[in-house]
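Taking it in order: structure first as structure tokens, then the write-up.
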Amino acid sequence: MKIVAADVIVSSPDRNFVTLKITTDEGITGLGDGTLNGRELSVASYLADHVVPLLVGRDPHRIEDTWQFLYRSAYWRRGPVTMAAIAAVDVALWDIKAKAAGMPLYQLLGGASRTGIMAYGHASGRDIPELFDSIRRHLDEGFKSIRVQTSVPGIDSVYGVAAQPSADGKRYDYEPAQRTPLPVEEDWDTRAYLRHLPTVFEAVRNEFGPELPLLHDGHHRMTPIQAAKLGKALEPYDLFWLEDCTPAENQEALRLVRQHTTTPLAIGEVFNTVWDYQTLIREQLIDYVRSAVTHTGGITAMRKLLDFAAQYQIKSGIHGPTDISPVGMAAALHLDLAIHNFGIQEYMRHGPLTDEVFRQSFTFTDGYLHPGEQPGLGVELDEEAAARFPYQPAYLPFNRLQDGTVHDW
Ligand code: CS2
Ligand code: MG
């Protein structure tokens with residue numbers, strides 16, 4: 001079998017997506033997701049201008065060899081753009097191999113290790129009553145695990161709060177990247193947040209009891225000692241995890257957090273390779289790997305990363321916001337079903353226009369996701385529909401502290 005074409009499809013139904021479609025001489029096609037929120041065109045160009053010319057004529061079945069070729073022959077390694085481009089190729093080739101084998105991808109990854117994939121949903125509120133309503137809505141939808149994000153008194157706009165207004169009129173939690181000419185500036189105050197958040201989790205536990213798995217995303221905004229302080233303050237509320245509690249470029253920073261709290265830690269959605277995790281995993285400084293298949297070099301690289309993590313009893317918590325396309329989500333679900341060290345899967349529903357462009361066969365039933373039994377990934381792209389939604393520039397917001405200092409968003 002030979003690759004005869006590779007097309008980069010940029011579409012913007014409810015938000016921008018970059019999809020790679022690889023076609024073989026036997027008419028089998030494979031899809032890969034290369035969406036990098038707010039920097040989509042950089043991956044599209046990396047693929048179209050530099051990678052596609054290298055794919056035509058190759059044997060699509062040689063996935064590992066193609067991965068190593070794209071990673072090493074580029075000379076310039078790692079980084080979000082490179083690894084998203086490699087991921088798009090890798091996932092498309094796994095899609096082709098599974099279709100050629102006539103089986104759902106998870107079967108090629110070793111078969112099912114469970115009957116369903118526990119998903120967590122995003123509940124949020126500007127105040128406690130609104131948050132409780134959001135949690136109840138998610139429980140009614142079947143979610144058995146809930147991420148809790150709230151507004152903070154004294155701060156105008158905080159990551160992850162659905163109901164707060166966004167500059168382009170879209171639901172904020174649905175898509176943080178806004179279709180504005182420049183990134184929107186937001187405000188932040190960590191001390192106000194640290195005072196407020198424990199009171200929120202106390203209220204949620206009082207209302208919903210001790211069993212419900214609760215998660216929270218610190219979204220990279222605390223220093224290590226502030227993260228340690230929050231982790232400790234949240235211990236009475238028995239969180240499933242505290243995510244991205246501090247920027248982790250300096251992996252050793254987590255030693256200080258670990259020293260002070262037993263609240264489980266999840267990190268990695270902005271990471272791109274196993275090297276970003278080396279100290280975190282080897283020193284048992286995290287409990288969940290948060291990478292997305294789309295941002296970490298695809299299924300080939302993610303499986304190796306999760307196998308490394310398994311040696312340390314560290315589990316998966318794959319990143320699944322709406323800026324991971326249905327193709328990237330499906331790839332995550334096949335991996336989730338097959339690996340042993342599965343922890344939990346993030347699940348934000350895509351919008352109605354996205355469902356017109358991507359026909360998905362994965363299901364969400366009673367709190368559990370399943371990739372389906374279609375051969376391959378189980379996602380097809382409607383190119384005519386995709387063409388109806390041309391790319392629209394969009395930026396993620398950024399933060400400034402009260403004194404004007406730029407801060408992590
Ligand atoms: C977030 C993401 O889902 C999460 O855990 O951290 O929504 C993140 O803000 C976006 O992926 C950024 O594009
Ligand atoms: Mg996050």
Side-chain angles (χ1 to χ4, degrees), residues 12 14-18 33-43 80-81 83-84 87 119-124 138 143 145-150 157-162 164 166 168 170-180 183-184 186 188 193 197 213-222 227 230 239-248 264-272 276 286-296 316-326 328-329 332 343-351 354 369 393-399 407-409:
S12 195
D14 299 294
R15 51 144 297 113
N16 296 320
F17 294 115
V18 174
D33 177 26
T35 306
L36 189 62
N37 208 3
R39 297 291 183 273
E40 292 88 355
L41 296 183
S42 60
V43 182
V81 176
M83 301 317 289
Y120 73 87
H122 287 199
S124 65
H138 281 81
F143 282 98
S145 302
I146 305 282
R147 187 188 81 167
V148 167
Q149 305 292 136
T150 73
S157 46
V158 176
Y159 162 75
V161 180
Q164 70 193 352
S166 71
D168 65 356
K170 275 190 170 281
R171 262 178 52 112
Y172 187 91
D173 78 321
Y174 174 72
E175 180 40 71
Q178 297 167 51
R179 291 170 170 169
T180 48
V184 170
E186 297 185 350
W188 181 249
Y193 165 75
L197 201 71
L214 296 175
L215 302 83
H216 179 71
D217 194 340
H219 225 258
H220 326 272
R221 294 170 184 216
M222 291 166 272
L230 181 63
L239 265 64
F240 183 95
W241 80 31
L242 172 60
E243 175 187 341
D244 284 330
C245 58
T246 188
L265 303 175
I267 280 185
E269 71 179 48
V270 296
F271 288 173
N272 313 111
D276 300 321
I286 60 171
D287 306 286
Y288 297 93
V289 165
R290 275 289 283 151
S291 272
V293 173
T294 298
H295 298 146
T296 315
S316 71
I318 297 181
H319 192 212
T322 46
D323 49 287
I324 297 290
S325 88
M329 188 65 181
I344 200 166
Q345 171 66 51
E346 178 177 16
Y347 181 42
M348 277 179 85
R349 286 180 202 282
H350 287 100
T354 302
L369 289 158
Y395 285 102
L396 283 166
F398 74 106
N399 270 339
H407 190 70
D408 303 286
W409 177 77

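Read the numbers this way: they start at 1 and go in the same order the structure lists the ligands and their atoms. All values below were derived from every heavy atom in this structure, side-chain atoms included, with hydrogens, water molecules and symmetry-related copies excluded. Here, residue 1 is the first one in the sequence, and each next residue gets the next number.
- The single protein non-hydrogen atom nearest to atom 13 (O) of ligand 1 is N37 ND2, 2.9 Å, given as residue, atom name and distance.
- Contact check for V81 versus V43: side-chain heavy atoms found under the 4.5 Å cut-off.
- For the pair T35/N16, no side-chain contact is recorded, criterion being any heavy-atom separation below 4.5 Å from C-beta on.
- Separating the CG atom in L239 from the CG atom in L230 is a distance of 8.5 Å, to the nearest 0.5 Å.
- A distance of 8.0 Å separates CG of D323 from CE of M348, quoted to the nearest 0.5 Å.
- Atom 1 (C) of ligand 1 has as its closest protein heavy atom Y159 OH, 3.0 Å.
- No part of M348 comes within 4.0 Å of ligand 1, judged by heavy-atom distances.
- The protein non-hydrogen atom at the shortest distance from atom 9 (O) of ligand 1 is H219 NE2, 2.8 Å.
- With rounding to the nearest 0.5 angstrom, the CD1 atom of I344 is 9.5 Å from the CZ atom of R290.
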Between E269 and H219, is a side chain to side chain contact (heavy atoms under 4.5 Å, CB included) present by the stated rule, with each step listed?
-> CA-CA 10 Å; E269 71 179 48; H219 225 258; 4.2 Å; yes
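- Metal site remark for the Mg ion (ligand 2): E243 contributes an N, O or S atom at a distance under 2.8 Å.
- At under 3.5 Å, not a single nitrogen or oxygen of H122, backbone or side chain, sits near a nitrogen or oxygen of ligand 1.
- At a heavy-atom distance under 4.0 Å, only side-chain atoms of R147, from C-beta outward, approach ligand 1.
- Of all atoms in ligand 1, numbered sequentially from 1 with element shown, those under 4.0 Å from a heavy atom of D217 are 1 (C), 4 (C), 5 (O), 6 (O).
- Of all atoms in ligand 1, numbered sequentially from 1 with element shown, those under 4.0 Å from a heavy atom of P321 are 3 (O), 7 (O), 11 (O).
- The ring-ring contact (aromatic ring centres under 6.0 Å, His included) test with W409 is passed by exactly one of F398, Y159, W188: Y159.
- Counting only heavy atoms of the protein, atom 6 (O) of ligand 1 lies nearest to E269 OE2, 2.5 Å.
- Remark: among candidates I324, D323, D244, the nearest residue to atom 10 (C) of ligand 1 is D323, based on non-hydrogen atoms.
- When you scan the N, O or S atoms of E269 for the one nearest the Mg ion (ligand 2), you land on OE1.
- For D217, the nearest N, O or S atom to the Mg ion (ligand 2) falls under 2.8 Å.
- Side-chain contact annotation: R179 with S12, donor-acceptor N/O pair under 3.5 Å present.
- In this structure, of R290, H319, E346, the residue bringing a heavy atom nearest to atom 2 (C) of ligand 1 is H319.
- Looking at E186, its side chain never comes within 3.5 Å of a backbone N or O of N399 through a donor-acceptor pair.
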